[in-house]
**Q** 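Let me begin by handing over the structure; questions about it come next.
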Protein chains: 2
Amino acid sequence: MSLEVGIKDVALRAGVSPATASNALSGARPVSKETRQRVSAVAEAMKYRPNLVARALRRQETKTIALLVGDISNPYYPAVARAIHDRIGAHGYVSFIGNTDGDPEAEVRVLEEMRARSVDGVIMGTMALSSERIRSVVGPTMPLVLLTGEALESPEHQVRQLRADEVGTDDSIGIREAVAHLRNKGVTDIGYVSGPLGSIPGTDRLQRFRDAMEDAGLRVDDRWIGFASGYTLETGYDAAERLLAPSDRPAAIMCANDLIAIGVLEAARDRGLVVPTDLAVVGFDDIPTAKHVSPRLTTIINPATLVGYACADALMRRIEHPDVPFEHTALPTHLIARGSA
Amino acid sequence: MSLEVGIKDVALRAGVSPATASNALSGARPVSKETRQRVSAVAEAMKYRPNLVARALRRQETKTIALLVGDISNPYYPAVARAIHDRIGAHGYVSFIGNTDGDPEAEVRVLEEMRARSVDGVIMGTMALSSERIRSVVGPTMPLVLLTGEALESPEHQVRQLRADEVGTDDSIGIREAVAHLRNKGVTDIGYVSGPLGSIPGTDRLQRFRDAMEDAGLRVDDRWIGFASGYTLETGYDAAERLLAPSDRPAAIMCANDLIAIGVLEAARDRGLVVPTDLAVVGFDDIPTAKHVSPRLTTIINPATLVGYACADALMRRIEHPDVPFEHTALPTHLIARGSA
DNA sequence: CTGTTAGCGCCTTCAT
DNA sequence: ATGAAGGCGCTAACAG
C-alpha cells in the first residue's frame with residue numbers, strides 16, 4: 001500500500017489496461033476520445049504523477065543533463081547556469097551541477113558519475129581536460145557541448161574530431177578594443193595577469209592578448225605577464241604584487257577575469273597607486289560586482305546569459321538531432337569603459 | 001550490442017551469476033574472497049559502471065536531492081549551493097537545482113517535478129509557500145529541510161507539525177548589534193528597506209528590526225520603512241528613492257540584504273548624499289561584493305557556507321534516520337563594521 | 001557461498 | 001482501439 005499512485009492504479013480505476021492508460025495520457029497511440037477523457041480525469045483526480053525514474057529506465061532517456069563548471073560560486077557561472085536552467089527547463093529537462101575546481105581528476109570523476117546517472121547530455125566548461133579525454137570518458141555518443149572560455153579557431157576537421165558542439169566567446173574583439181582604448185589614452189606599457197598556467201581558458205585568452213598587442217604595434221614585456229594561481233580575487237592580488245613591485249612597472253594591467261582584476265585593484269590601492277592615473281586596470285566578464293567597485297571596473301563584457309542560452313540550444317539540438325553537423329558558436333565580447341581604465 | 005557494459009556482462013566473463021557479481025561488488029552479501037577478487041578484476045577491466053537509474057528503480061532511492069531557491073544567480077546562494085554540493089557529494093548524492101523566483105506556483109510546480117523524479121530529499125529556501133503547503137506537495141514522508149531566511153522561534157509543537165528540519169540564522173543577534181552600533185554613533189533615526197511584502201524571509205527580518213529598535217528604546221517611523229519589490233540592487237535603489245525624497249529622511253537605513261543595500265548606496269550617491277556622514281547604510285548577508293563597494297559595506301554576516309553544511313547534514317541525517325527528532329539549527333549572525341556605517 | 005526468480009514502474013512491441 | 005506480455009538493468013528474496 002504505497003502512497004504513490006502509479007499508472008496501474010489509474011488504469012484500474014478507469015477500467016482500462018495500463019497500456020491504454022499510458023497511451024491515453026501520452027498520446028503515443030490513438031485512443032478513443034471517450035476513454036482518453038476518462039483516463040485523464042481519473043489521473044487528475046488521483047493526482048497521478050508518472051515515476052520519472054521508471055520512465056527513464058524504460059525509455060532510455062532521463063531528461064537530465066549535467067552542467068560541469070570549475071566553481072559554481074564563481075560569480076560568472078550562476079548567470080550561465082540560470083540561463084541554461086531556464087532554457088532546458090522549457091524542454092522538460094533538469095540539470096545536475098558538478099563542481100570540478102579545475103582539477104583534472106575531479107573532472108574525470110564527475111564525468112563518470114554523470115555518465116553512470118545516464119544524463120542525456122553534458123555541458124562542460126573544462127578547465128584542464130582535453131576534448132579527446134572528455135569524449136573518451138563520456139563515450140562516443142553522448143551529446144556534448146563544450147563551454148570554452150574562448151572559442152578556438154575552428155578548422156572544420158578539428159570540430160569534427162571533437163564530435164562536440166562548442167560555445168564560447170570571441171575574446172579577441174573585446175581584447176583588441178581594450179588595447180586600442182588604452183593606446184588612445186597614451187598608455188602602451190600594458191601587462192597582463194592570466195589565470196593558472198595550465199588552464200585552458202587562461203592560456204587562450206593570454207594568446208589573444210599577445211596577438212592584439214602585436215597587431216597594435218605594441219611590445220609585450222614578459223616581466224609584465226603574471227599568472228594568478230586561480231581565478232579568484234586573492235590570487236589576483238598576489239599576482240599583482242609581483243608585477244607592481246619593480247620600479248618599471250606597467251602602466252596598465254589587463255586581466256583574465258574580473259575577480260583577478262578586482263584583486264589587482266586592491267593591490268594597487270594598498271601600494272598607494274591611484275587607478276587609473278598610476279595604473280589602469282581592465283577586467284574580463286563584467287560580473288555584477290564590476291559596476292560597484294571603486295573605481296568602477298572597465299572590463300570586457302562576456303555575455304553570460306547569451307552563452308547559457310547558446311549552450312542549452314546547442315545541447316537540445318544535438319539531443320533531438322544527433323546527426324546534424326557540429327556547430328561552433330562564438331558570442332561577441334565588447335569593452336565597456338568605466339572608471340578603472 | 002550496446003556500448004554500455006552491464007552487470008550481466010561482468011558476471012558472464014567472471015563465470016558467475018549476475019546476483020553474485022552484484023554482491024561481490026557491493027558487499028551486500030558474503031562472497032568468497034576468491035570470486036570477489038575475480039569479479040572486481042573483471043569489472044575494472046571492463047570498466048563496469050552500474051547504471052544508477054536502474055539501481056534507483058530497484059532500490060527505491062535515487063541518491064539525488066533537490067535544492068530549491070529563489071534565484072541561483074543571487075550571489076548569496078552559490079556559496080550555500082556549493083557547500084551543500086560538497087557535503088552531500090561525500091555521501092554519494094548529487095543535487096538538482098530549481099529556481100522558483102519566489103513565485104508560489106513555480107514553487108509548487110518545481111516541487112512536483114522533483115517528487116516525480118523521486119529525489120531522496122528536498123532542501124528548500126521557500127519564499128512564498130507555507131511549510132504545510134510544501135509538505136502537502138512532497139508527501140508526508142519526504143525528508144525535508146527548510147532553509148529559512150530566519151529561524152523562527154520554535155515551540156516544540158510547531159516544529160513537529162512541520163515534520164521538517166530547519167536551518168536558519170539567528171538574525172536578531174546581528175540586527176541588534178547593528179542597531180547598537182548605530183546608536184553608539186549617535187544615529188537614532190533608523191529606517192529599513194525590506195524585501196517584498198509577502199516574502200517570508202523579508203517579513204521576519206523586518207520584525208527582528210522592529211524588536212531590536214524597541215528594545216533599544218528607539219522609535220521606528222513607519223515612513224522610513226520601505227519595501228523593495230525584489231531582493232535585487234535595482235529594486236533596492238527604487239525603494240531608497242522613496243525613503244530619501246522627503247526632507248526628514250532617516251539618518252541610517254538598514255536593509256534586508258546586501259543587494260538592496262548596494263542599491264541604497266547608489267541611490268544615496270546619486271542624490272549627492274555622502275555615506276556614512278549623511279546616511280549610514282547597513283546590509284545583510286556579507287556577499288563577496290560587500291567588501292568591494294565604496295564605501296565598503298557595513299553588513300551583517302550570514303554564514304552561507306555553514307548554512308549549507310548544516311542543511312546538508314540535517315538532510316543526510318533525516319534520510320539515514322527518518323525517526324530522529326526534528327531539529328532546528330540557528331547559525332549566529334554578526335555585524336561587521338566597514339565604511340558605510 | 002552461490003544461483004534462480006521475480007519485480008521496481010513504466011512503455012512498447014505484438015497480438016487481438 | 002484495446003489488452004497481454006515482456007523487458008529496460010539492477011538487486012532483494014528465496015532456494016539450494
Side-chain angles (χ1 to χ4, degrees), chain A residues 1-40 42-43 46-64 92 113 115-120 139, chain B residues 1-40 42-43 46-64 92 113 115-120 139:
Chain A
M1 80 140 282
S2 107
L3 292 163
E4 298 292 327
V5 356
I7 190 81
K8 278 196 238 171
D9 304 307
V10 173
L12 200 65
R13 282 252 258 142
V16 294
S17 74
T20 300
S22 174
N23 287 318
L25 294 171
S26 72
R29 247 184 13 180
V31 168
S32 85
K33 191 172 180 180
E34 194 182 330
T35 43
R36 183 174 57 245
Q37 288 179 341
R38 186 156 34 90
V39 171
S40 299
V42 170
M46 300 178 79
K47 297 194 191 201
Y48 167 67
R49 308 261 89 204
N51 179 320
L52 265 22
V53 174
R55 174 181 285 178
L57 183 60
R58 177 65 242 235
R59 288 197 183 160
Q60 296 293 74
E61 68 173 3
T62 54
K63 292 282 181 184
T64 279
E113 160 98 26
R115 183 187 182 177
R117 288 187 181 272
S118 307
V119 296
D120 294 339
Chain B
M1 82 137 281
S2 108
L3 291 164
E4 297 294 327
V5 357
I7 191 80
K8 280 197 234 172
D9 304 309
V10 174
L12 199 66
R13 281 253 257 143
V16 294
S17 75
T20 299
S22 174
N23 289 317
L25 293 172
S26 72
R29 251 183 11 179
V31 169
S32 84
K33 191 171 179 181
E34 196 182 328
T35 44
R36 181 173 60 244
Q37 289 179 341
R38 186 155 34 91
V39 171
S40 299
V42 170
M46 299 178 82
K47 298 194 190 201
Y48 167 68
R49 309 260 89 203
N51 179 321
L52 265 22
V53 174
R55 173 180 286 178
L57 183 61
R58 179 67 243 233
R59 289 197 182 160
Q60 296 292 78
E61 67 172 6
T62 55
K63 292 284 180 181
T64 281
E113 159 98 24
R115 183 186 182 176
R117 287 188 183 271
S118 307
V119 296
D120 294 339

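Each chain gets a letter, A, B and so on, in the order the sequences are listed, and its residues count up from 1. For the numbers below, each heavy atom of this structure counts, side chains included, while hydrogens, waters and symmetry mates do not.
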**Q** Which value, rounded to the nearest 0.5 Å, describes the distance between B:Arg115 atom CZ and A:Leu52 atom CG?
**A** 12.5 Å

**Q** Name every residue in residues 54-63 of chain B that has at least one heavy atom under 4.0 Å from any atom of DNA chain D, in order of residue number, or write none if there are no such residues.
**A**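 Here the set is B:Ala54, B:Arg55, B:Arg58, B:Arg59.
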
**Q** Which part of the nucleic acid does A:Pro18 contact within heavy-atom distance under 4.0 Å: base, sugar-phosphate only, or nothing?
**A** nothing

**Q** Any side-chain N or O of B:Ser26 less than 4.0 Å from the OP1 or OP2 oxygen of D:dT11?
**A** no

**Q** Answer yes or no: does a side-chain N or O of A:Thr20 lie under 4.0 Å from OP1 or OP2 of D:dA1?
**A**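 For D:dA1, neither OP1 nor OP2 has a side-chain N or O of A:Thr20 closer than 4.0 Å.
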
**Q** Could you check how far CZ of B:Arg36 sits from P of C:dC1, rounded to whole Å?
**A**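 The answer, rounded to whole Å, is 9 Å.
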
**Q** Between C:dC10, C:dC1, D:dT2, which one does the side chain of A:Val31 approach most closely?
**A** D:dT2

**Q** Does B:Asp120 reach the main-chain N or O of B:Lys63 with its side chain, forming a donor-acceptor pair under 3.5 Å?
**A**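 Yes, because the side chain of B:Asp120 sits within donor-acceptor range (under 3.5 Å) of the backbone of B:Lys63.
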
**Q** If I take atom CZ from residue A:Arg36 and atom OG1 from residue A:Thr20, how far apart are they, to the nearest 0.5 angstrom?
**A**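 If I round to the nearest 0.5 Å, the distance is 12.5 Å.
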
**Q** Could A:Arg38 and A:Glu34 be called an ion pair, given the rule that one side-chain N must be under 4.0 Å from one carboxylate O?
**A**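 No, no charged N to carboxylate O under 4.0 Å.
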
**Q** Hey, is the side chain of A:Tyr48 poking within less than 4.0 Å of OP1 or OP2 on C:dG9, counting only N and O atoms?
**A**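 The answer is no; no side-chain N or O of A:Tyr48 sits under 4.0 Å from OP1 or OP2.
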
**Q** Measure from CZ on A:Arg117 to P on D:dC8 and round the result to the nearest Å.
**A** 22 Å

**Q** Starting from C1' on C:dC10, measure out to CG on A:Asn23 and report it in whole angstrom.
**A**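 In whole Å, C:dC10 C1' lies 12 Å from A:Asn23 CG.
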
**Q** Select from B:Ser17 and A:Ala19 the residue whose nearest nucleotide in DNA chain C is closer to the 5' end of that strand.
**A** B:Ser17

**Q** How many Å lie between CD1 on A:Ile7 and C1' on C:dC8, as a whole number?
**A**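 Taking atom C1' of C:dC8 as the reference, CD1 of A:Ile7 is at 16 Å.
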
**Q** Measure distances between side-chain N and O atoms of A:Arg29 and base N and O atoms of C:dT12, and say whether any donor-acceptor pair falls under 3.5 Å.
**A** no

**Q** Ignoring backbone atoms, establish whether A:Ser32 has a side-chain N or O less than 4.0 Å from OP1 or OP2 of D:dT2.
**A** yes

**Q** What is the distance from atom OG1 of A:Thr64 to atom CZ of A:Arg117, rounded to the nearest 0.5 Å?
**A** 9.5 Å

**Q** Between the two end axes of the helix from C:dC1-D:dG16 to C:dT16-D:dA1, each built from 5 base pairs, what angle do you get to the nearest 10°?
**A** 50°

**Q** What distance do B:Arg55 atom CZ and B:Thr62 atom OG1 have between them, rounded to the nearest 0.5 Å?
**A** 12.5 Å

**Q** Could you state the atom-to-atom distance from CG of B:Leu52 to P of D:dG9 in whole Å?
**A** 14 Å

**Q** So what does A:Val16 touch, heavy atoms closer than 4.0 Å: a base, only the sugar-phosphate, or nothing?
**A** sugar-phosphate

